[in-house]
Amino acid sequence: MFRPYRHIVDIIRDLVWKALQKCKIDFDKDNIKVEETRSRIYGDFFTTVAFSVAKKYFGEKFRENAVSLAERIASKINKIKPSIIACVRAENGYINFFLDRGLFAKFVIEGISHEWEKYGVFTSKRRKIIVEHTSANPIHPLHIGHARNAFIGDCLARINQFIGNEVSRRFYVNDCGRQVAVLMYGLRKLKNLRSNGVKLDHLCGAVYSCTASLLEANKNLKKLMRIVGTFRNTLRKSISKEKHHSFVMETLIRSIALGQDEIAQKIKAIVGDSHEVASVVQEIENLIKNVKISFEILSSVASKWPRIYYRLNLRIDSNADTHIRRIMQRYERGDRETVSYIRETVSRILGAIINTLKILHITFDAFDWESDLIWKGLVESITNELVKRGYAYRDSETGALFLNVQKILTDFPEMREFYFEGKNRTIKIENVKNPVLIRRDGTSLYLLRDIAYAYYKLQSLKVDVSINVIGVDQKLEQKHVVLALRALGIKDVLSRYKHVAYELIRLPGRKMSSRRGQYVSLDEIVIEAIRRAYEEITHRCERLSNEQKYALAKEIAIGAIKYALLSQAPTKVITFDWKRVLDFEQNSGPFIQYAHARAASILRKISWKIPDKCDLSLLKTPEEFEVIYKLSKFPEVLEEVIGTHRPDLLVEYTNELAMLFNKFYQKHPVLKAENEELKKARLMLVATFRRVIATAMKLLGITPLYRM
RNA sequence: GGGCCCGUGAUGUAGUAGGAUAGCAUGAGGGCUUGCGGAGCCCUUUGUCGCGGGUUCGAAUCCCGCCGGGCCCA
């Protein structure tokens with residue numbers, strides 16, 4: 001383990017602490033904050049410890065004391081400092097540290113070359129870890145929302161593996177939900193459906209969207225009809241006194257239903273605005289809005305997949321819901337025919353999904369089927385255990401089985417802060433709502449199966465930590481999972497089960513939805529990106545063969561897509577934009593690949609024979625120093641990424657590193673350096689840079705390119 | 001109605017365990033190449049850090065209230 005940045009910070013902290021002691025000032029060493037300066041005019045590191053001390057010991061005359069204190073500390077440090085710190089200056093209460101750039105260069109580059117491809121590993125602890133990610137419903141193609149999930153999960157898995165953890169990448173196959181049953185129902189209605197060369201996940205996605213949209217539209221229509229009936233009665237009652245003709249009511253209903261707002265307004269004016277009438281009108285208007293939306297969706301789905309849509313439209317049953325529920329029940333029960341049909345279909349769709357991910361260099365170690373958890377009896381035993389321990393109860397009124405979150409929060413105080421996120425003063429435990437685990441009709445909810453799965457991962461697979469990349473919309477549900485695990489006796493659940501929440505990707509103006517067929521599929525993005533990259537390459541390198549060009553274009557395209565999606569903090573909502581995803585300019589995947597290729601090109605010219613001995617302390621120019629300084633922070637960045645689950649920090653780091661290298665490259669010749677010694681030292685710097693950025697890129701899942 | 005997240009130049013963003021002149025990219029304008037690969041580099045331009053209070057020597061950062069967007073639960 002080599003952590004140069006941290007090493008220097010420790011040295012400085014130690015110096016400051018010793019100086020404080022000499023000044024007879026008592027101050028906790030861990031509270032001495034040493035940071036990187038924002039601008040080099042203030043040196044390379046600084047500390048504000050003088051302010052903290054002044055605040056602690058002198059309330060008034062604060063400023064004077066801080067300033068003079070900083071000066072005293074600085075002069076003390078100057079007497080005892082090691083040679084790697086060139087000088088220490090007090091300015092305005094700040095204490096600034098200037099490195100000896102030559103010694104620093106030697107220290108950092110020698111250290112890195114000792115570790116080489118292992119540089120960046122910041123811990124020696126070995127742990128068994130699961131990273132569960134993507135876990136998309138196996139009924140439609142992946143869209144960019146899933147891509148964000150996959151990239152975050154894959155990056156975290158890669159880093160964990162890199163630092164020496166035993167990592168298992170898992171995909172949770174959600175095959176017991178209603179969605180799968182809906183798809184199966186649709187497929188059955190479309191016997192002998194031909195794929196015509198369409199990838200299976202895309203074909204099934206179309207069937208699913210069409211089926212689900214039709215079902216939703218029917219449901220909304222039925223609801224509307226029902227309420228219109230009620231509305232008539234209400235109106236009759238409230239208007240009869242005024243002896244309006246029923247003709248008026250009919251016209252009102254029709255005008256609302258047809259969206260003739262003006263007419264509706266006029267009639268409402270005549271009828272009058274009793275509360276009763278107003279609320280029913282409101283309800284009808286909402287329902288009509290829903291019906292309208294349903295039909296808009298239907299028309300968009302129909303125009304996308306006319307063949308499937310029209311065939312389905314003719315064949316769908318009026319009681320389709322019953323059929324679907326029956327499919328679910330048969331599957332859960334293990335009915336042989338249903339099982340083999342669903343298993344086979346889902347496996348094939350899953351295969352198509354895996355293919356998409358494989359192109360993006362994302363693979364899995366295991367697929368955990370939801371149905372297996374049920375068939376093995378795990379869900380049942382978890383339920384029994386929760387009941388036995390008194391954390392699940394049957395509600396006499398509703399007949400449903402609830403998870404007793406209130407009791408868990410009462411019994412385990414440490415879970416309160418987690419659940420309320422620090423703001424436990426405003427909410428009371430008795431106001432918390434207990435979630436349902438099993439409905440009255442005996443069907444279980446996702447929550448229960450998710451609890452079983454989480455329990456399985458931690459206890460049966462015996463891992464230290466389970467990292468779960470799941471959208472923020474699941475936040476509450478994930479909290480319930482953690483609470484349930486605590487109730488089941490896992491005491492250290494808070495440190496072992498991590499929900500990595502990421503925001504969803506939106507289409508301009510609306511949410512992405514597989515159910516409604518509104519999405520941009522990952523496959524089409526990949527294809528388009530490769531096409532763009534291929535075009536670009538054709539302009540640049542004419543000599544390459546078509547296969548070589550294609551292979552390069554593929555890696556560049558993948559780099560661009562991954563970069564675009566990983567570069568933003570997971571907490572931010574991304575609105576999808578082709579321009580951003582296909583950006584090959586600066587601050588992009590290809591940009592860092594280009595920097596790597598430039599360094600590789602230099603090294604290729606010396607046949608990769610990196611000088612073994614050279615005077616690294618010759619590397620003193622600002623451009624050289626900045627690259628080295630950035631290199632020294634690599635392990636710290638990885639630690640931060642692991643601690644916060646934020647791959648965007650690594651993306652940012654890599655981009656900055658590439659930028660600094662480009663600046664160095666532009667200004668200082670390497671192979672044509674002023675003298676032989678300097679050339680060797682710069683070659684060493686280039687080799688070290690290439691090594692570190694290659695590691696960083698691999699951790700992001702972006703392929704380092706040697707030519708492009 | 002209750003809770004969580006986000007709000008930073010025209011656009012997309014970094015910085016939020018308080019610290020110096022708010023960093024970067026895109027866009028726009030100008031310049032650099034017979035080269036260690038120009039998918040690059042340099043310069044110019046654009047900010048009431050959503051709004052209003054408060055705490056502090058010091059606030060984009062912490063506290064309170066509001067506004068806008070997203071999500072979850074009703």
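A note on names: the letters A, B, ... follow the listed sequences, proteins ahead of strands, and every chain is numbered from 1. Nothing here was measured: the structure is a model prediction, and the numbers come from that model.
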Please answer whether B/G19 and A/Phe51 are stacked, defined here as ring centres separated by less than 5.5 Å and planes angled under 30°.
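Stacked: centres under 5.5 Å apart, planes under 30°.
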Can you tell me if A/Phe584 is stacked onto the base of B/A39, using a 5.5 Å centroid cut-off and an angle below 30°?
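Per 5.5 Å and 30° rule: no stacking.
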Could you tell me the separation between the [atom1] atom of [X] and the [atom2] atom of [N], rounded to a whole number of Å?
{"X": "A/His480", "N": "B/C73", "atom1": "NE2", "atom2": "P", "result": "10 Å"}
{"X": "A/Glu555", "N": "B/A39", "atom1": "CD", "atom2": "C1'", "result": "17 Å"}
{"X": "A/Gln474", "N": "B/C4", "atom1": "CD", "atom2": "P", "result": "19 Å"}
{"X": "A/Asn655", "N": "B/U26", "atom1": "CG", "atom2": "C1'", "result": "12 Å"}
{"X": "A/Ile505", "N": "B/C71", "atom1": "CD1", "atom2": "C1'", "result": "15 Å"}
{"X": "A/Leu69", "N": "B/G19", "atom1": "CG", "atom2": "P", "result": "19 Å"}
{"X": "A/Asn434", "N": "B/C73", "atom1": "CG", "atom2": "P", "result": "15 Å"}
{"X": "A/Arg38", "N": "B/G19", "atom1": "CZ", "atom2": "P", "result": "7 Å"}

Contact nearer the 5' end of RNA chain B, comparing A/Ile556 with A/Leu504:
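Its nearest nucleotide being more 5', the pick is A/Ile556.
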Pairwise 5' ranking along RNA chain B for A/Arg506 and A/Lys479, keeping only the more 5' one
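Its nearest nucleotide being more 5', the pick is A/Lys479.
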Closest contact, heavy atoms only, A/Ile592 versus A/Ile702:
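What the structure gives for the nearest pair is CD1-CD1, 4.3 Å.
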With rounding to the closest Å, how many angstrom separate the [atom1] atoms on [N] and [M]?
{"N": "B/U26", "M": "B/U45", "atom1": "C1'", "result": "14 Å"}
{"N": "B/C51", "M": "B/U44", "atom1": "P", "result": "28 Å"}
{"N": "B/A28", "M": "B/A20", "atom1": "P", "result": "33 Å"}
{"N": "B/G29", "M": "B/U34", "atom1": "C1'", "result": "28 Å"}
{"N": "B/G27", "M": "B/G9", "atom1": "C1'", "result": "11 Å"}
{"N": "B/C63", "M": "B/G1", "atom1": "C1'", "result": "25 Å"}
{"N": "B/G69", "M": "B/C64", "atom1": "C1'", "result": "22 Å"}
{"N": "B/G3", "M": "B/U46", "atom1": "P", "result": "42 Å"}

Crowded around A/Arg13 CZ? As in, over 12 foreign heavy atoms under 6.0 Å?
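Atom CZ in A/Arg13 is crowded, with more than 12 foreign heavy atoms closer than 6.0 Å.
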Looking only at the aromatic ring of each residue, does the gap between the centers of A/Phe51 and A/Tyr94 stay below 6.0 angstrom?
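Under 6.0 Å, so yes.
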Determine, using ring centers only, whether A/His596 and A/Tyr706 are less than 6.0 Å apart.
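Judged by ring-centre distance (under 6.0 Å), A/Tyr706 and A/His596 do meet the cut-off.
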A/Leu552 side chain reached by A/Tyr534 side chain, heavy atoms, under 4.5 Å
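In short, these two side chains do not touch, never coming nearer than 4.5 Å.
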Please determine, for the side chain of A/Tyr42, which listed nucleotide (B/C41, B/G19, B/U21) has the closest atom?
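Of B/C41, B/G19, B/U21, B/U21 is nearest to the side chain of A/Tyr42.
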Look at the rings of A/Tyr5 and A/Tyr629 and say which category their plane angle falls in: under 30° parallel, 30 to 60° tilted, over 60° perpendicular.
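The rings of A/Tyr5 and A/Tyr629 stand perpendicular, inter-plane angle above 60°.
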A/Phe661 and A/Phe664 aromatic ring geometry - parallel, tilted or perpendicular at 30°/60° bounds
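A/Phe664 vs A/Phe661 ring planes: tilted.
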Given Watson-Crick and G-U pairs under 3.5 Å, RNA chain B in dot-bracket ([ ] crossing, | other strand) is (((((((..((((.....[...))))((((((.......))))))....(((((..]....)))))))))))).
Could you give me the CA-CA distance, side-chain angles and deciding distance for A/Arg682 and A/Glu677, then say whether salt bridge (Lys or Arg N to Asp or Glu O under 4.0 Å) is met?
CA-CA 9 Å; A/Arg682 283 189 181 153; A/Glu677 272 308 297; over 6 Å; no
Distance-only polar pair, side chains of A/Asn96 and A/Glu91, donor-acceptor under 3.5 Å:
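A/Asn96 vs A/Glu91: donor-acceptor pair found between side chains.
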Looking only at side chains, do A/Gln548 and A/Ser545 share a donor and an acceptor under 3.5 Å apart?
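A/Gln548 vs A/Ser545: donor-acceptor pair found between side chains.
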Evaluation steps, salt bridge (Lys or Arg N to Asp or Glu O under 4.0 Å), between A/Lys667 and A/Glu624:
CA-CA 10 Å; A/Lys667 193 149 184 187; A/Glu624 289 160 336; over 6 Å; no
Does the A/Ser513 side chain pair with the main chain of A/Gln518, one donor and one acceptor, at a distance under 3.5 Å?
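Pair absent, no side-chain N/O of A/Ser513 close to backbone of A/Gln518.
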Going 5' to 3' along nucleotides 6-14 of chain B, which nucleotides have protein heavy atoms under 4.0 Å from the base (write B), which only from the sugar-phosphate (write S), and which from neither (write -)?
SS----SSS
Summarise how protein sits on nucleotides 33-38 of chain B as a single string, 5' to 3': B when a protein heavy atom is under 4.0 Å from the base, S for sugar-phosphate-only contact, - for no contact.
---BBS
Looking at [X], does any N or O in its side chain come under 4.0 Å of the phosphate oxygens OP1/OP2 on [N]?
{"X": "A/Lys33", "N": "B/G18", "value": "yes"}
{"X": "A/Lys663", "N": "B/C42", "value": "yes"}
{"X": "A/Lys511", "N": "B/G70", "value": "no"}

Could you tell me whether A/Glu639 and A/Arg3 make a salt bridge, using a distance below 4.0 angstrom between a side-chain N and a carboxylate O?
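So A/Glu639 pairs with A/Arg3 through a salt bridge.
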Under 4.0 angstrom, heavy atoms only, what part of the nucleic acid is A/Asn96 near: base, sugar-phosphate, or nothing?
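The answer is base, as A/Asn96 lies within the cut-off (heavy atoms under 4.0 Å) of a base atom.
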Would A/Arg486 count as a cation-pi partner of A/Phe412, with NZ or CZ less than 6.0 Å from the six-membered ring centre and within 45° of the ring normal?
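Because its charged atom sits under 6.0 Å from the ring centre and within 45° of the axis, A/Arg486 does stack over A/Phe412.
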